[in-house]
Every structure is written in structure tokens, then in C-alpha cells.
Amino acid sequence: MTKTSVHWFRHGLRLHDNPALLESVKDCEKFYAIFIHDGETAGTEVSGYNRMQFLTESLCDLDEQLRAVGGQLFVFKGKPTAVIKMLHAEIGITRLTFEQDCEAIWNKRDNQVRSQCKELGIEIVEKIAHTLWDPFEIIDCNGGQPPLTYEMFVQVSAVLGPPERPVPDVKWDDVIFGEISDELAMKLQLCPHIPTPAELGWNRECDEQSAYIGGETAALAHLQKRLKIEENAFRDCYILPNQVNPDILGEPMSMSAALRFGCLSVRKFYWNIQDIYFELHKEIKPPFHSLTAQLIWREFFYCMSANNEAYNRMKGNPICIDIPWRKDDEHLKAWTEGRTGYPFIDACMRQLRKEGWIHHVCRTAVACFLTRGDLWISWEDGLHVFLKYLIDADWSVCAGNWMWVSSSAFERQLDCSTCICPVNYGKRIEPTGDYIRRYVPELASLPQDYIFEPWLAPKSVQEAYKCIIGQDYPERIVIHAEASKANRKMMESIREKMAVKPPHCCPSNVKETRVFLRLPEACYHNVL
Ligand code: FAD
Ligand code: MG
């Protein structure tokens, strides 16, 4: 026992299935758990209030759990290299452990820390647990390039075999926690408690109220409810219940923010679902990855970004096609604030800003509307808004999805103005209009006939229900039938001019497009 270990939490904000943490407490004299607010880590550079709140709750939960076993979470503000240097000087840290942050944006931070630790003689232990496979291993296995379609990804990951199972929990009884005296705390500029979003400079912009509580404890409790839904689906002989029956009005059932911050281990989620299935249907083998196909999408996008610092941009990004998008600040603002005049789109955007989370079908609807569908505004602008407001915002998963839905609009498969029509899409997903009534209250009293298309309401109806279009609720900022027709023409001409199609992030096939956009069977022919 000669080591003083520090485990640096960044993402991976959990105690379960945490291989780097497990390594950290091994053979060690003193153990410290830390988090560093550097203005970037855990996606804090572009963050709205809800995500900061989620992060704060996650840190508080870690702190409480550690206090229950005799330790605590030490939170610092500053540059990681500066904090680690001070910890080396003051507490003699000999080992630094952390979970791999595989996205290219963290390379600079982590390379600086790695080289500083080398200089100071601090051993580094870095473990992969944020993803099911090591993205760099997938890239190697694919001949040095990330697979550009989901189908290719599935093939490559199959070669590597099933993901590892979760590691055991830490035995806290055997751990000796290091302490920091008051005097040293001053010197190290240790935060006296976990800073609140307000203390870090974040205030509510509108009426933000997240539907999800951050932290491992909440995530694990939530997981049990979620697994029950998967189990019931397996019993009824179907899979992926969230895709088969998108319920945009129901209780929040997503694990995405917990997975983003690592409050829930993706390997635990993956294996829990697999095990439930095989317990019920021992003999029937489903196609590889089909039970947890959504989690493979997450891997796919992480992998694509791992070596690509330009991944969140169009220019200089080798996997993204250049499209001459329009700059239109007014339209962008109307879209962001949920004032496009299309009730379903506005409901989605208002839910996003208020609650920090919207269903996949809502994300695809608003992403299509902003880009190839209606406004012809760059996916980069949409990405920026999503990164700010989503509590599960992921640099790579978010940009990947935006590219898939928009930049790869170049794909003929996505050329369908009727499928993703802002009116019909919403009607198909939630025909009662209650979703619109919940998030766009000024339309709530309108009769059902007009809730998706209030501009069709005669003046007398608008007056009777006190909802004058252009006054109480905006006029449509574009006419979908016209805009989508013009956009499709534009796509066609780009396609024609491009003699050789450059390799880029795109759908694997028509069926995948239909599943991804949750389009019914009837739309199958339309997307051809
Ligand atoms: P489920 O269907 O239950 O899936 C389980 C988990 O699989 C999710 O929690 C998520 O981690 C992962 N997953 C599911 N779908 C996808 C997908 N298409 N791509 C990658 N991972 C997926 N998801 C994020 O986690 N972060 C983002 O920043 C993000 N941005 C998006 C932006 C756009 C434009 C679109 C169209 C989708 C985006 N998604 C993002 C993917 C997806 O919409 C969410 O993961 C999903 O809605 C989360 O809900 P769920 O947990 O109920 O999903
Ligand atoms: Mg989920």
C-alpha cells in the first residue's frame, strides 16, 4: 500500500460498473474522488439550465453516496492540469484514474493531463466504460475508418463479439479515504459544497422544469421501471417498445440523460435487457443487436466522431456533404422559440426548452423542418440549439443524428415531403392534439379540427375561441407545400452536379430510414 489515488469523475458519474474507479481504490493508502468544473467538462460549454441542474444533481448524488461510506466528492474549479498539479504538490497523488471520454473534443484536455502526469510521475489508469466497445478498436477493425452506415457498424462490432459485462461494485469497507484540511482546502480553492447552477452563473431562461432528476440513485430506480416495459413487450412477443409505440404524452421513460452523464452504465442497461429477453425466450435467438438496436446507434455515432474534431461542422468534415444552407436568423429564432406557426413543431420546441427532453419522433420532426424539409437552415444551427437545451445532449450523438437527418438529405431515401410534413407527421404520432394543447396553451381551446392547422379556422372561429392567427398565435413562417417542393428541387440539383458521391454519414437502406423516422409501413413506398 503505497499509493495515493485520485479518481477524476467527468462523465461516468456513478459508482456501479466503473472499472477505472475499481482500479483507483486498489492497493491504495488514500483515495480521493474529484470533479473539476472547467467550463467544458461534461458538456458545460454549451449548456442550458436544465442540463446544469442535471449535472449538479448527479454530483450531489455521488457526494451523498460517498459520504454514506465515509468519503466525499471534492469539487474544484479551474483547469484540470492546474488542479492535478496542486493535488500532486499538496497530497502527493501517485495515481490518477478516469473513464475514457472517447469524443474528439476531449482529446486536447486529456492529452494535456496525460503529458503532465508523465512529467510528474503520476500513473494514469484510463478505462473504457462509456461505450459498449472501444470506438478506436472498431475503427481499427474497419481498416482505420469509422463505419459510415449503421449496417456496416453492426457488421464490424459483430466481429469483435458481444460487449463486456459490468464489473463488480467497489468494496467500500476496505477503502481509506483521504481528507483535506480546511487550510489546504483554501489553498486548493476547493468548493465548500457542490455549486448550484446559480452559483456557477446559470439562471432559468424561461420556465425550465426538467422531467428528469440527475444522479445514479434516480437512474437505477428509473431503470427498474424501464426494464419492466421492455419485459412486458418481450412477453407480448415484440421488441423495442419505445419505437413501436412512441408515446409522447406519457410518463418520462428515457434513460438517455442518465446514459449521457454515465449515471447509468450502458453495459448494465444492455445486459439487463439481453438477460430479460433470454430468460423469457430461451430458445428463440433474435437477429444480432436487434433487442438493443438503439444502444448500437449510440455506439455508431460515438465511433464516427472519435477521430474527427470537425465532426460537429459541415466544412472540413470528411463525412459530411457540403450543402448551401441559408442563413436566416429570424426563421432560426422562430424555430428555436416555438413560433413557426406549425403547432406540432412549436409544441416540440417548447417542450425542449422547458423540459430539456423530447421524444425521438419530435427530434426528427423539428430537425427535418429546420433543414431539408422546410427552412433550409444548416443542421449546425439546429445542433447548437439542441446542445444547449437537451439534458441528454451529446456532442457526437447529437451531431451524428443531425447529419443523418439533414446533411445526408442528399440521400434519395429521405426525399419525402409528405412523410415528414409538419402537420401530418404530428397527426400520425399523436392524433388527439393533446400534445399541442399541453405545450402551446394559446391553441388549447381551438376545436379539434383546427388544432394541427389553425390557419384553416375561419375568422369567426378564431374570434369565438379567442385565438386570432397572426396575433395570439403566429402565422406560418413558410408554406410547407411550397418550401418542401423547392427544397427537394435543390437537393436534386446538388445530387445531379455531384458526379462522384463522396463517402458520408447516411442511412443504410430504405427500411432503416422508415424505422429511424418511425414511419408507418404505408410510408415505405413514399421514401423510395
Ligand atoms: P430509446 O429508444 O429507449 O433508446 C435507448 C437509448 O439508446 C437512448 O437513451 C440513447 O442513449 C440511445 N439511442 C436511441 N436512439 C438513438 C439514436 N438515434 N442515436 C443515438 N443513440 C440513440 N440522443 C442522445 O442521447 N443525445 C443527443 O444529443 C441526441 N440528439 C439527437 C438529435 C436528433 C436530431 C435526433 C433525431 C436524435 C437525437 N438523439 C440523441 C437520439 C434519440 O432521439 C434519443 O437518444 C432518444 O430520444 C432518447 O430516448 P429514449 O431513451 O427513450 O430512447
Ligand atoms: Mg433511454
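This structure is a prediction, so every number in the text was calculated from the model and none was measured. Atoms within each ligand, like the ligands themselves, are counted from 1 in listed order.
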Asks: Can you find a heavy atom in the side chain of E99 that is under 4.5 Å from one in the side chain of F9?
Replies: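 No. Closest side-chain heavy atoms not under 4.5 Å.
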Asks: I'd like to check the ring pair (Phe, Tyr, Trp, His ring centres under 6.0 Å) partners of H504; sequence neighbours left out, ordered by chain and number.
Replies: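 H504: ring pair (Phe, Tyr, Trp, His ring centres under 6.0 Å) contacts with F410.
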Asks: Is ligand 1 less than 4.0 angstrom away from at least one heavy atom of W404?
Replies: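 No heavy atom of W404 comes that close to ligand 1.
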Asks: Can you tell me if R260 contacts ligand 1 (heavy atom of the residue under 4.0 Å from the ligand)?
Replies: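 Not so, R260 does not reach ligand 1.
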Asks: Apply the ring pair (Phe, Tyr, Trp, His ring centres under 6.0 Å) test between F344 and each candidate in F369, Y435, F452; give the one that qualifies.
Replies: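 That would be Y435; it is the only one of F369, Y435, F452 passing the ring pair (Phe, Tyr, Trp, His ring centres under 6.0 Å) with F344.
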Asks: How about H384 and F386: are their ring centres within less than 6.0 Å of each other?
Replies: no
Asks: Is any side-chain heavy atom of T292 less than 4.5 Å from a side-chain heavy atom of Q274?
Replies: yes
Asks: Tell me the nearest of R298, R226, M253 to atom 3 (O) of ligand 1, using heavy-atom distances.
Replies: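 Among R298, R226, M253, the closest heavy atom to atom 3 (O) of ligand 1 belongs to R226.
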Asks: Under a 4.0 angstrom heavy-atom cut-off, which atoms of ligand 1 come close to A393?
Replies: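 Atoms satisfying the 4.0 Å criterion: 28 (O).
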Asks: Quick one: which ligand 1 atoms are inside 4.0 Å of a heavy atom on F301?
Replies: 19 (N), 20 (C)
Asks: Please identify which atoms of ligand 1 are closer than 4.0 Å to at least one heavy atom of V397.
Replies: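 Those qualifying, in numeric order: 19 (N), 20 (C), 21 (N), 23 (N), 24 (C), 26 (N), 27 (C), 29 (C), 40 (C).
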Asks: Among W357, Y302, F300, which residue places a heavy atom closest to atom 49 (O) of ligand 1?
Replies: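 It is W357 whose heavy atom sits nearest to atom 49 (O) of ligand 1.
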Asks: Is it the side chain, the backbone, both or neither of L259 that has a heavy atom closer than 4.0 Å to ligand 1?
Replies: side chain
Asks: Between H222 and Y212, is there a side-chain donor-acceptor contact under 3.5 Å, judged purely by atom types and distance?
Replies: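 Result is no, nothing qualifies.
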Asks: Need the ligand 1 atom indices (1-based, order shown) with element for anything under 4.0 Å from a heavy-atom of F516.
Replies: 18 (N)
Asks: What part of M255, side chain from CB on, backbone N/CA/C/O, both or neither, has a heavy atom under 4.0 Å from ligand 1?
Replies: backbone
Asks: Does the N or O separation between W297 and ligand 1 drop below 3.5 Å for any pair?
Replies: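 Checking ligand 1 against W297, no N or O pair falls under 3.5 Å apart.
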Asks: With respect to W402, determine whether any N or O atom, backbone or side chain, lies less than 3.5 Å from an N or O atom of ligand 1.
Replies: no
Asks: Under 4.0 Å from any heavy atom of D392, which atoms of ligand 1 are there?
Replies: 24 (C), 25 (O), 26 (N), 27 (C), 28 (O)
Asks: Just which atoms of ligand 1 are under 4.0 Å from any heavy atom in F386?
Replies: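 With F386 as reference, the close atoms of ligand 1 come out as 32 (C), 33 (C), 34 (C).
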Asks: Measure from NZ or CZ of R363 to the centre of the six-membered ring of W357, then state whether that distance is under 6.0 Å and the direction lies within 45° of the axis.
Replies: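 Geometry flag: set, cation within 6.0 Å and 45°.
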Asks: Could you say whether the N/O atoms of Q294 and ligand 1 ever approach to under 3.5 Å?
Replies: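 Right, the criterion is met.
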Asks: Indicate whether the side chain of S396 and that of E103 have a donor and an acceptor atom separated by less than 3.5 Å.
Replies: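 Result is yes, a qualifying pair exists.
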Asks: Could you tell me if R10 sits above the aromatic ring of F98, with its cationic atom closer than 6.0 Å to the ring centre and no more than 45 degrees from the axis?
Replies: yes
Asks: Do K427 and E453 meet the salt-bridge criterion of a basic N to acidic O distance under 4.0 Å?
Replies: yes
Asks: Do T364 and ligand 1 have an N or O pair less than 3.5 Å apart?
Replies: no
